[in-house]
Trainee: 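If you scroll down you'll find the structure; I have some questions about it.
In listed order, ligands and their atoms are each counted from 1. Everything numeric in this text was worked out from a predicted model, so none of it was measured. We count residues from 1, following the sequence as given.
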Amino acid sequence: MSSIRSKITYIYLALALGVGAFVLFASASLRFLEQRMTEGVAIAAFQETAQEMRRHEKNFFLYRAQAELGAARDLAVELEWRLKQDGAALAELAAPDELLALARSLARYRRLLDDGGRVEAELRGAGHEILNRSESLAQRERANLSGSVRQSRHALLWSVGVLVLMALAGGQVLYRVVVRPLRQLEKQVEPLAHGEFRAFSMVSKDREIVSFTQALNHMLEELELHRRLVQQSEKLASLGTLASGVAHELNNPLGNISGAAQIALEEIESLPLSLPETARAELRSWLQQIDDETERARQIVRILLDYSRRSDHEDRPTPLLGVLEKSLLLLRPRLPEDDTVSCDVPAELMLCIDPQRMKQVFINLIQNALDAGGNSVHIHIEAAAAGPHDWPPAELAHDMAMGRAQVLGAPVSAARAVLIRIRDDGPGIHSDRIGQVFDPFFTTRAPGEGTGLGLYIVAEIVLEHGGAIAVTSPPAGGACFTLWLPCGGQP
Ligand SMILES: Nc1ncnc2c1ncn2[C@@H]1O[C@H](COP(=O)(O)OP(=O)(O)O)[C@@H](O)[C@H]1O
Ligand SMILES: [Mg+2]
């Protein structure tokens with residue numbers, strides 16, 4: 001996967017290469033101009049010397065002073081020397097035969113001067129030729145120089161243009177790679193401020209943006225999960241308060257109904273003998289039903305009241321295996337086979353719990369598996385030490401994503417804990433109902449059979465202990481309850 005950092009590095013490298021090439025090119029063209037100017041200076045000196053030489057020649061013919069002739073001769077020698085010395089520079093400007101003709105004219109001129117300037121016309125002619133040739137060289141040199149300056153200026157302008165284009169292209173790439181994705185992310189963040197938790201879409205394939213977006217999406221998922229947990233526990237808390245209030249109010253009238261039914265049952269016997277025995281039996285059966293149903297209602301009320309007396313809850317270090325064994329002992333009469341429940345729980349696992357209340361949790365969970373699975377059900381209980389990061393367990397992730405799990409509670413961070421799984425091979429729980437099983441009074445059992453309070457109480461006891469609970473039901477069947485319970489103390 002590409003990254004923004006590597007792209008920025010490439011852009012900087014390309015720009016640095018461009019600037020480097022520009023500097024090399026500029027210094028090469030400056031050196032070229034410098035060379036041209038040195039040549040120009042040599043040619044200008046040649047031309048000046050030729051002019052000086054001719055001045056002395058003219059002065060000789062005007063005043064006939066031998067010194068002028070000598071000076072002209074010295075300058076002719078100097079010109080010959082310059083012709084040799086700056087031969088390379090001159091060769092750039094003139095064809096070899098032109099330079100040869102110049103050398104020949106200079107030699108002839110010097111010879112005529114050596115002759116004492118007796119043949120004036122010839123000497124003047126040779127001097128004129130030398131000056132003409134040197135002036136034409138100087139002219140060509142000036143034309144060449146200004147041509148070179150023009151060329152260099154054009155080349156420099158072009159390379160500055162290329163550099164500017166490169167910088168613009170680099171800026172464009174930076175905009176596409178960094179600024180645009182950040183703007184798009186900024187737009188997607190806006191709804192968050194209004195409480196709309198929508199997943200972020202991928203705005204770029206660059207590694208930094210991809211991992212940033214993934215982290216944001218993960219955070220949103222966590223937030224959403226916590227929001228649901230808070231909603232759920234608020235709902236449960238208010239329902240719990242309501243339920244315990246109602247239970248309290250119902251206790252006395254139910255007691256009165258039960259008492260009245262029992263008195264009525266006793267009174268049947270003292271009814272006049274004229275009442276036929278069949279009618280008496282029917283009346284007895286009706287009253288018995290009233291008494292039984294009232295007893296069931298009182299049992300529900302008792303569970304609720306018992307549960308709402310939170311002050312009783314007394315946590316102490318307790319071995320998990322001990323609590324499980326006591327719960328199984330109480331359930332023994334209801335277990336169809338000796339091997340219905342199998343346990344894989346290390347004896348050294350300790351919990352910081354109220355053993356009485358925790359016993360209720362295991363009894364309710366095992367009882368539910370028995371109720372759902374019938375006589376052929378098998379229940380397996382396993383437990384292992386865990387930390388705060390083991391919640392929710394990785395194996396739940398898929399079921400949670402598919403809506404086949406419900407999770408309650410967020411474990412206290414930095415706490416040592418025990419992870420307990422209670423699995424059965426019964427019919428499992430339909431995914432439409434799995435979100436409701438912890439709700440009070442939710443039951444799928446036949447009217448009069450279930451109270452719908454078993455799992456509600458399980459969840460409440462687990463949450464009271466600072467633990468967490470999850471239920472999943474894989475498509476293959478069976479239900480699995482996972483409990484995270486703190487051991488107390490620090491990791
Ligand atoms: N192990 C299980 N297998 C299948 N369904 C279950 C299991 N445990 C709980 N349930 C479902 O959750 C519902 C609620 O359970 P609970 O709160 O204990 O109430 P009750 O047992 O009185 O129905 C049950 O009616 C049942 O549909
Ligand atoms: Mg139950």
Trainee: Check ligand 1 against G454 and write out every atom of the ligand that is under 4.0 Å from a heavy-atom position of the residue.
Mentor: 16 (P), 17 (O), 18 (O)

Trainee: Of the listed options (I434, V377, T444, V437), which comes nearest to atom 24 (C) of ligand 1 when hydrogens are ignored and any heavy atom counts?
Mentor: T444

Trainee: Looking at ligand 1, does A369 have a heavy atom less than 4.0 Å from it?
Mentor: yes

Trainee: For E186, is there an ion pair with R183 - N to carboxylate O distance below 4.0 angstrom?
Mentor: no

Trainee: Check for me whether G426 has a heavy atom closer than 4.0 Å to any atom of ligand 1.
Mentor: no

Trainee: Answer yes or no: does an N/O atom from D371 fall short of 3.5 Å to an N/O atom of ligand 1?
Mentor: no

Trainee: Nearest to atom 14 (C) of ligand 1, what protein heavy atom do you find, and at what distance?
Mentor: F442 O, 3.3 Å

Trainee: Establish, for the pair R423 and F481, whether the NZ or CZ atom is under 6.0 angstrom from the six-membered ring centre and no further than 45 degrees off its axis.
Mentor: no

Trainee: T340 versus L370: any side-chain heavy-atom pair under 4.5 Å?
Mentor: yes

Trainee: Below 4.0 angstrom from a heavy atom of D424, which ligand 1 atoms are there? Numbered from 1 as shown, please.
Mentor: 1 (N), 2 (C)

Trainee: Checking a contact table here: which protein heavy atom is nearest atom 16 (P) of ligand 1, and how many Å away?
Mentor: L455 N, 3.6 Å

Trainee: Could you tell me whether the Mg ion (ligand 2) has an N, O or S atom of N364 under 2.8 Å away?
Mentor: no

Trainee: What atoms in ligand 1 come closer than 4.0 Å to a heavy atom of T451?
Mentor: 22 (O)

Trainee: Are L265 and I268 packed together at the side-chain level, in the sense that at least one heavy-atom pair is separated by less than 4.5 angstrom?
Mentor: yes

Trainee: Can you name the one residue among D291, D292, T294 that meets side chain to side chain donor-acceptor pair (under 3.5 Å) with S258?
Mentor: D291

Trainee: Looking only at distances, please establish whether an N/O atom of ligand 1 is found under 3.5 Å from an N/O atom of G450.
Mentor: no

Trainee: Pairing donors with acceptors under 3.5 angstrom, does anything connect the side chains of R421 and T482?
Mentor: no

Trainee: Using a 3.5 Å distance criterion without hydrogens, assess whether the side chain of Q406 forms a donor-acceptor pair with backbone atoms of I434.
Mentor: yes

Trainee: Check this for me - ligand 1, Y456, N or O atoms closer than 3.5 angstrom, yes or no?
Mentor: no

Trainee: Can N364 be said to touch ligand 1, with heavy atoms closer than 4.0 Å?
Mentor: no

Trainee: Counting C-beta onward and ignoring hydrogens, is there a side-chain heavy-atom pair between I381 and I420 closer than 4.5 Å?
Mentor: yes

Trainee: Looking only at distances, please establish whether an N/O atom of ligand 1 is found under 3.5 Å from an N/O atom of A372.
Mentor: no

Trainee: Going by atom types only, do S3 and S6 share a side-chain donor-acceptor pair under 3.5 Å?
Mentor: yes

